[in-house]
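In what follows, a single structure is set out as structure tokens and then discussed.
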Amino acid sequence: MAQWRTTSAYLLNLLKILFLTHSFNSLTQRLFVELARCGHELSIELDINDAVTQQAAELFQPDLIIAPFLKRAIPETIWRSHVCLIVHPGITGDRGPSALDWAIMHDCHEWGVTVLQANAEMDGGDIWASEVFPMRFARKSSLYRHEVVEAATHAVLTAVMRFQSGTFKPVPLDYSRPDVQGRLHAPIRQIDRSIDWQQDSTLTVLRKIHAADGFPGVLDTLFDEPYYLFDACMEEHLTGKPGTIIAKRNNAICRATTDGAVWMGHLKHRSPAGLTFKLASTLALKDHLIKVPEIPSDPFSTESGNTYRDIWFERKNDVGYLHFAFYNGAMDTAQCERLREAYLQATRSDIRVIVLIGGPDFWCNGIHLNHIEHAASPADESWRNINAMNDLAHAIITTDRQLTIAALQGNAGAGGVFLSLAADYIFARASVILNPHYKSMGNLYGSEYWTYLLPRRASASHVTSLTRNRLPIGAQEARNIGLIDDYFALNPADFRRKIALIAETIAINPDFPALLQKKAQQRRSDEQQKPLQSYRDEELRHMQLNFYGFDPSYHVARYHFVHKIPHGWTPRYLARHHSR
């Protein structure tokens, strides 16, 4: 085990921790924020090859290596000379690369996360910590972002404290122990996920697609072409001949099962060249859906029952809740326009408070890069998308009949963070991670009136650091610098109840008219000082250069992001050991 350093920083038993990870994903970002909050010195190396990993360890000289998300084994030269903790999304004893997939497929009622030490046997090392959680009937991607990330965070923090103690002895994996319920399983194959539309029930179809959501999807055939299926939900009322597409709605298609139907929001065409990416189902199958009936959905309908809807509105007393659950948090041009239309309709009612509650997995991540990449002119579609996002932000900023709350149940990034700043109040769950910057996408300047909204909440130094550092921040840090008003360490259901209590309290406040008047006066004062249109024009001049200028950085970065091109090197803002 590494020896403690004698410098003043390490008198507090703080560690130098190297993250070794396939990508800077949601779990890695959460652990980065939590361990930085503890005071540890952190650096990140993306798992590119063994030589890069070895160089990172030599440059940083870590006390501990943590691997939150890997797709291959850590080199023996590394785990023999450093304690390397692997975060495995499975219960104690579970081994293999498809842990969460199999747990969903087998309808497990409980699952977990294990932190184990790397050795010569994949997932067979000594155990430093473990956590269990009840399983929801939900997509793999959603379970990962919530239950897995929470359990992994607790387990890793426990393992790090045990490592710091210098006395803890990790427990060898012993299958003879009754509490070791996991087992070695083979990688899941597409044949294991295959859907038989003439035999499988709705729940069976959903379970198979849920178990592959995010990656790799379920390989299936539509109109004699191979597609991977994602983003499925149940349809309670529509029926038809099993296997046929019986309806479409906005981004999704509805396909009949033996006992009902399922909606599929996203598809990915399988091409021999491999250069395909996820698209909204109605966009991917556009030419084949001419005769498929459009079944509209009114966001303000009070009809109950399971169906596909990405925007819906609920009212309780004087409070309106506007939900927008967009897949992966991305909002394309049409989604921005539909959300703005729903928002404006809400403002015309007699409610006093509007809660922008987003979706359960994401609040918003900004413009839709996949749909932009698919467009005939990505530059033109980028321009349309950012203007539609700006129109939505403008509607929220200029609301003069209601007070507004942005309630962040899930993470937010880029333009989504700045869109939330358009609300009068911002609250988040304590587990939420924010990425309030654009520069990682090819030095994109960004819009959504951020040059007006951000300085209203954060100091000049914080504005600079937030927009330039390209690093995530937690809800606690966001509250401390004024980016949000408060955060709550609550589960999703309790968070929604807390938000409802806050919104109801504002709505019945005897001083509500005075609060509304103060808001209107501040907006008039701001407008006289500098019109909103001036902020928008200035931001869009920069964005125009990003989209149409001579520097192709944005288009290159977007292409790499959409096509999941592996990193050839770790960015310096992550790999801090390269600047040492």
Could you tell me whether the side chains of [X] and [Y] share a donor-acceptor contact shorter than 3.5 Å?
| X | Y | result |
| --- | --- | --- |
| Asn435 | Gln29 | yes |
| Asp361 | His146 | yes |
| Arg309 | Ser301 | no |
| Ser534 | Asp537 | no |
| Tyr144 | Asp213 | no |
| Ser553 | Asn443 | no |

Short side-chain to backbone donor-acceptor contact, [X] and [Y], under 3.5 Å:
| X | Y | answer |
| --- | --- | --- |
| Glu45 | Leu18 | no |
| Ser281 | Ile253 | no |
| Thr347 | Leu344 | yes |
| His374 | Asn370 | no |
| Asp298 | Phe300 | yes |
| Thr21 | Phe69 | yes |
| Gln409 | Pro492 | no |
| Asn251 | Ala280 | no |
| Lys16 | Ser43 | no |
| Gln476 | Ala430 | no |

| task | For side-chain contact (heavy atoms from CB on, under 4.5 Å), just list the numbers for Glu504 and Asn317, CA-CA rounded to whole Å, side-chain angles, deciding distance to a tenth of an Å, and then say yes or no. | result | CA-CA 8 Å; Glu504 292 276 357; Asn317 300 322; 3.3 Å; yes
Going by side chain to side chain donor-acceptor pair (under 3.5 Å), name the residues that satisfy it together with [X], two or more places apart in sequence or in a different chain.
| X | value |
| --- | --- |
| Gln345 | none |
| Lys248 | none |
| Gln528 | none |
| Glu538 | Lys530 |

| query | So, do Phe230 and Tyr327 have ring centers that fall under 6.0 Å from each other? | reply |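 No, the ring of Phe230 stays outside the 6.0 Å limit from the ring of Tyr327, centre to centre.
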Would you say [X] and [Y] make side-chain contact, with heavy atoms under 4.5 Å?
| X | Y | result |
| --- | --- | --- |
| Leu421 | Phe418 | yes |
| Arg497 | Leu501 | no |
| Leu434 | Leu466 | no |
| Leu31 | Thr153 | yes |
| Val319 | Glu314 | no |
| Ile506 | Tyr425 | yes |
| Glu150 | Arg30 | yes |
| Cys254 | Arg249 | no |

In terms of relative ring orientation, are [X] and [Y] parallel, tilted or perpendicular, with 30° and 60° separating the classes?
| X | Y | result |
| --- | --- | --- |
| His394 | Tyr449 | tilted |
| Tyr227 | His269 | perpendicular |
| His368 | His371 | parallel |

Is any NZ, NE, NH1 or NH2 atom of the basic residue among [X] and [Y] found under 4.0 Å from an Asp or Glu carboxylate oxygen of the other?
| X | Y | value |
| --- | --- | --- |
| Arg536 | Asp391 | yes |
| Arg315 | Asp350 | yes |
| Arg338 | Glu341 | no |
| Arg37 | Glu34 | yes |

| What ring pair (Phe, Tyr, Trp, His ring centres under 6.0 Å) pairs are there with at least one residue in residues 523-552, not counting sequence neighbours? | Tyr445-His542, Tyr452-Tyr535, Phe547-Tyr554
| task | Could you note down all residue pairs passing ring pair (Phe, Tyr, Trp, His ring centres under 6.0 Å) where residues 338-366 supplies at least one of them, sequence neighbours left out? | result |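 Ring pair (Phe, Tyr, Trp, His ring centres under 6.0 Å) check on residues 338-366 returns Phe324-Trp363.
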| request: Report the C-alpha separation of Ile245 and Leu285 in whole Å, then their side-chain angles, then the decisive distance to 0.1 Å, and conclude whether the side-chain contact (heavy atoms from CB on, under 4.5 Å) test is met. | output: CA-CA 11 Å; Ile245 297 176; Leu285 298 175; 4.2 Å; yes
| request: Go through the steps to decide whether Met543 and Tyr438 satisfy the test side-chain contact (heavy atoms from CB on, under 4.5 Å), and finish with yes or no. | output: CA-CA 11 Å; Met543 296 292 276; Tyr438 304 91; 6.0 Å; no
| message | Taking CZ in Phe277 as the centre, count heavy atoms belonging to other residues, nucleotides or ligands within less than 6.0 Å. Is the count above 12? | response | yes
| query | Around Gln529, counting heavy atoms of other residues, nucleotides and ligands shown, do more than 12 lie under 6.0 Å from its CD? | reply | no
Partner set under side-chain contact (heavy atoms from CB on, under 4.5 Å) for [X], not counting sequence neighbours:
| X | value |
| --- | --- |
| Ala334 | Asp332 |
| Ile48 | Leu46, Val52, Thr570 |
| Ser440 | His437, Arg470, Tyr573 |
| Asp424 | Leu403, Thr404, Lys519 |

Rounded to the nearest 0.5 Å, how far apart are [atom1] of [X] and [atom2] of [Y]?
| X | Y | atom1 | atom2 | value |
| --- | --- | --- | --- | --- |
| Asp485 | Arg457 | CG | CZ | 4.0 Å |
| Ile426 | Ile405 | CD1 | CD1 | 11.0 Å |
| Ile357 | His323 | CD1 | NE2 | 5.0 Å |
| Met264 | Asp231 | CE | CG | 10.0 Å |

| request: Apply side-chain contact (heavy atoms from CB on, under 4.5 Å) to Thr28 and Ser23, showing your working. | output: CA-CA 8 Å; Thr28 309; Ser23 68; over 6 Å; no
| Looking at residues at least two apart in the chain, or sitting in another chain, which of them share a ring-ring contact (aromatic ring centres under 6.0 Å, His included) with Phe32? | Phe24
| task | Quick one: closest heavy-atom pair of Val87 and Ala152, and the distance? | result |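 In terms of heavy atoms, the two residues are closest at CG1-CB, 3.9 Å.
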| Residue pairs involving residues 548-575 (criterion salt bridge (charged side-chain N to carboxylate O under 4.0 Å, His left out); sequence neighbours excluded) |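 Those involving residues 548-575 are Glu373-Arg558.
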